[in-house]
Amino acid sequence: MQIATWNVNSLKVRLPQVLDWLAARPELTVLAIQETKLEDHAFPRAEIEAAGWHVAFVGQKTYNGVAMLSRLPLEDVQFNLPNFDDPQKRVITATVGGVRVIGAYVVNGQALDSEKYPYKLAWIDALIAYTREQLAQYPQLALVGDFNIAPEDRDVHDPAKWANDVLVSPPERERFQALLDLGLKDSFRLFEQAEKSFSWWDYRMMGFRRNAGLRIDHVLLSDALAARCTGCEIDKEPRRLERPSDHAPVIATLAD
DNA sequence: ATGGCTTAGTGCCTAAGA
């Protein structure tokens with residue numbers, strides 16, 4: 001099976017690209033989507049189901065919003081972090097083919113001196129606790145999404161420029177490591193990868209053409225799943241399209 | 001050049017993203 005994550009930056013705008021992408025990937029089993037930016041009544045459920053997908057979603061106006069699409073039925077669907085009271089719709093969890101998949105849109109944080117930064121750190125602490133609890137119940141677990149953290153300097157196009165900025169600060173990276181310490185592997189780093197591999201590029205400054213990006217979208221796999229993982233790739237093709245999302249999808253492949 | 005673009009809503013500018 002293949003597990004993917006993609007921050008689409010508005011599902012309303014990107015739905016045709018998402019459906020095209022899914023149609024071209026018959027091996028894909030489950031896709032976690034972030035930043036749908038849609039209230040539930042406006043979610044394009046019929047179009048997605050017509051394409052042969054099961055779907056669950058939780059959203060709000062303008063910001064955030066997450067969805068999970070699956071070829072197999074979505075079981076035991078859970079919305080948001082049960083241990084963190086939060087009006088922002090950022091998490092969706094479901095069991096697919098015996099695999100527990102947590103799709104997360106981690107808080108951006110905006111800047112180190114923003115009030116959103118301590119919110120980000122507290123939010124990730126709750127995600128860590130929730131993932132620990134889920135992992136105890138479901139040894140076959142994938143935590144995927146837009147983490148808004150570049151784990152290492154090699155995940156940053158220009159580490160000097162980004163030094164001490166949000167997305168790379170030590171408290172954020174320590175929390176990313178705390179997630180790994182629960183017993184998760186960054187599937188992308190299980191394999192040899194090209195240098196300067198990124199999953200997000202700024203719309204401005206010709207970021208994509210210059211490959212001035214960050215690797216902030218991740219597929220983390222429990223040890224049981226990591227043992228089955230045969231590959232992980234970032235698909236840059238959708239980023240080349242007209243009117244792209246600023247993020248590229250990340251796909252991990254698991255042997256049966 | 002500490003910004004350039006893209007999105008949605010309050011709507012023709014503003015806030016936010018990363």
Side-chain angles (χ1 to χ4, degrees), chain A residues 5-18 21 32-44 57-67 86-91 103-124 127 144-173 175-176 186 188 196-218 234 236 238-250:
Chain A
T5 179
W6 192 3
N7 180 328
V8 299
N9 184 20
S10 169
L11 186 58
K12 183 180 177 183
V13 174
R14 230 67 66 192
L15 181 64
Q17 291 184 19
V18 171
W21 189 77
I33 289 177
Q34 300 86 41
E35 286 209 88
T36 59
K37 301 188 179 182
L38 288 173
E39 291 183 291
D40 291 348
H41 68 80
F43 192 91
F57 49 88
V58 60
Q60 63 188 96
K61 198 159 55 170
T62 311
Y63 304 115
N64 310 313
V66 287
D86 185 3
Q88 302 191 13
K89 309 303 186 191
R90 294 181 173 276
V91 179
Y105 175 46
V106 174
V107 177
N108 173 281
Q110 197 166 55
L112 296 190
D113 59 359
S114 164
E115 62 194 16
K116 293 172 186 171
Y117 182 70
Y119 164 64
K120 177 177 191 174
L121 298 183
W123 194 95
I124 300 172
L127 177 67
V144 312
D146 176 357
F147 286 69
N148 271 315
I149 301 173
E152 301 177 56
D153 279 354
R154 62 178 166 163
D155 301 311
V156 179
H157 68 97
D158 186 345
K161 192 183 232 171
W162 279 85
N164 297 315
D165 211 335
V166 75
L167 312 200
V168 306
S169 73
E172 292 165 80
R173 286 179 165 175
R175 281 163 175 79
F176 187 84
D186 180 349
F188 191 75
K196 302 198 176 297
S197 289
F198 306 123
S199 67
W200 169 87
W201 302 262
D202 202 312
Y203 284 126
R204 301 165 293 184
M205 301 174 281
M206 296 183 289
F208 186 66
R209 204 192 312 181
R210 295 190 299 124
N211 196 31
L214 303 172
R215 193 176 70 92
I216 55 177
D217 301 271
H218 307 298
I234 298 169
K236 291 167 75 171
R239 190 62 176 79
R240 302 185 212 280
L241 298 172
E242 291 274 320
R243 258 191 124 179
S245 169
D246 43 358
H247 294 254
V250 184

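A note on names: the letters A, B, ... follow the listed sequences, proteins ahead of strands, and every chain is numbered from 1.
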[M] and [N], which share atom name [atom1], separated by this distance in whole Å:
| N | M | atom1 | result |
| --- | --- | --- | --- |
| B:dG11 | B:dA16 | C1' | 16 Å |
| B:dT10 | B:dA15 | C1' | 10 Å |
| B:dC12 | B:dG17 | P | 22 Å |
| B:dT2 | B:dA18 | C1' | 14 Å |
| B:dA1 | B:dC13 | P | 29 Å |

message: For A:R209, I'd like to know if atom CZ has over 12 heavy atoms of other residues, nucleotides or ligands within 6.0 Å.
response: no

Atom pair distance, as rounded to whole Å: [atom1] in [X] and [atom2] in [N]:
| X | N | atom1 | atom2 | answer |
| --- | --- | --- | --- | --- |
| A:W201 | B:dT6 | CH2 | C1' | 16 Å |
| A:F208 | B:dT6 | CZ | P | 14 Å |
| A:Y203 | B:dA16 | OH | C1' | 13 Å |
| A:W162 | B:dT2 | CH2 | P | 16 Å |
| A:M206 | B:dG3 | CE | P | 17 Å |
| A:Q110 | B:dA15 | CD | C1' | 9 Å |
| A:D246 | B:dG17 | CG | P | 12 Å |
| A:K161 | B:dG4 | NZ | C1' | 11 Å |

At 4.0 Å (heavy atoms only), tell me whether [X] reaches a base, stays on the sugar-phosphate, or touches nothing.
| X | answer |
| --- | --- |
| A:K120 | nothing |
| A:F147 | nothing |
| A:D165 | nothing |
| A:K61 | sugar-phosphate |
| A:N7 | sugar-phosphate |
| A:D202 | nothing |

- request: Using a strict cut-off of less than 4.0 Å between a Lys/Arg side-chain nitrogen and an Asp/Glu carboxylate oxygen, indicate whether A:R173 and A:D153 qualify as a salt bridge.
  value: yes

Within the pair [X] and [N], is there a side-chain N or O less than 4.0 Å away from OP1 or OP2?
| X | N | value |
| --- | --- | --- |
| A:N9 | B:dT6 | no |
| A:K37 | B:dT6 | no |
| A:S245 | B:dT6 | no |
| A:R14 | B:dT6 | no |

With no hydrogens and no angle check, is any side-chain donor or acceptor of [X] less than 3.5 Å from a backbone partner on [Y]?
| X | Y | answer |
| --- | --- | --- |
| A:R239 | A:W201 | yes |
| A:K120 | A:N148 | yes |
| A:R215 | A:S199 | no |

query: Nearest nucleotide by nearest heavy atom, which residue falls closer to the 5' end of DNA chain B, A:V13 or A:H247?
result: A:V13

- line: Of A:Y105 and A:P244, the one whose closest nucleotide on DNA chain B sits nearer the 5' end is A:P244

Nearest-nucleotide pick for [X], side chain only, options being [options]:
| X | options | answer |
| --- | --- | --- |
| A:S10 | B:dA18, B:dG17, B:dT7 | B:dT7 |
| A:R204 | B:dA16, B:dC5, B:dA8 | B:dC5 |
| A:K12 | B:dA8, B:dA18, B:dT7 | B:dA8 |
| A:M205 | B:dA8, B:dG4, B:dG17 | B:dG4 |

query: With under 30° as parallel and over 60° as perpendicular, where do the rings of A:F43 and A:F57 fit, or are they tilted in between?
result: parallel

- line: Minimal heavy-atom distance between A:V168 and A:N164, with the atoms involved, is CG2-N, 4.1 Å

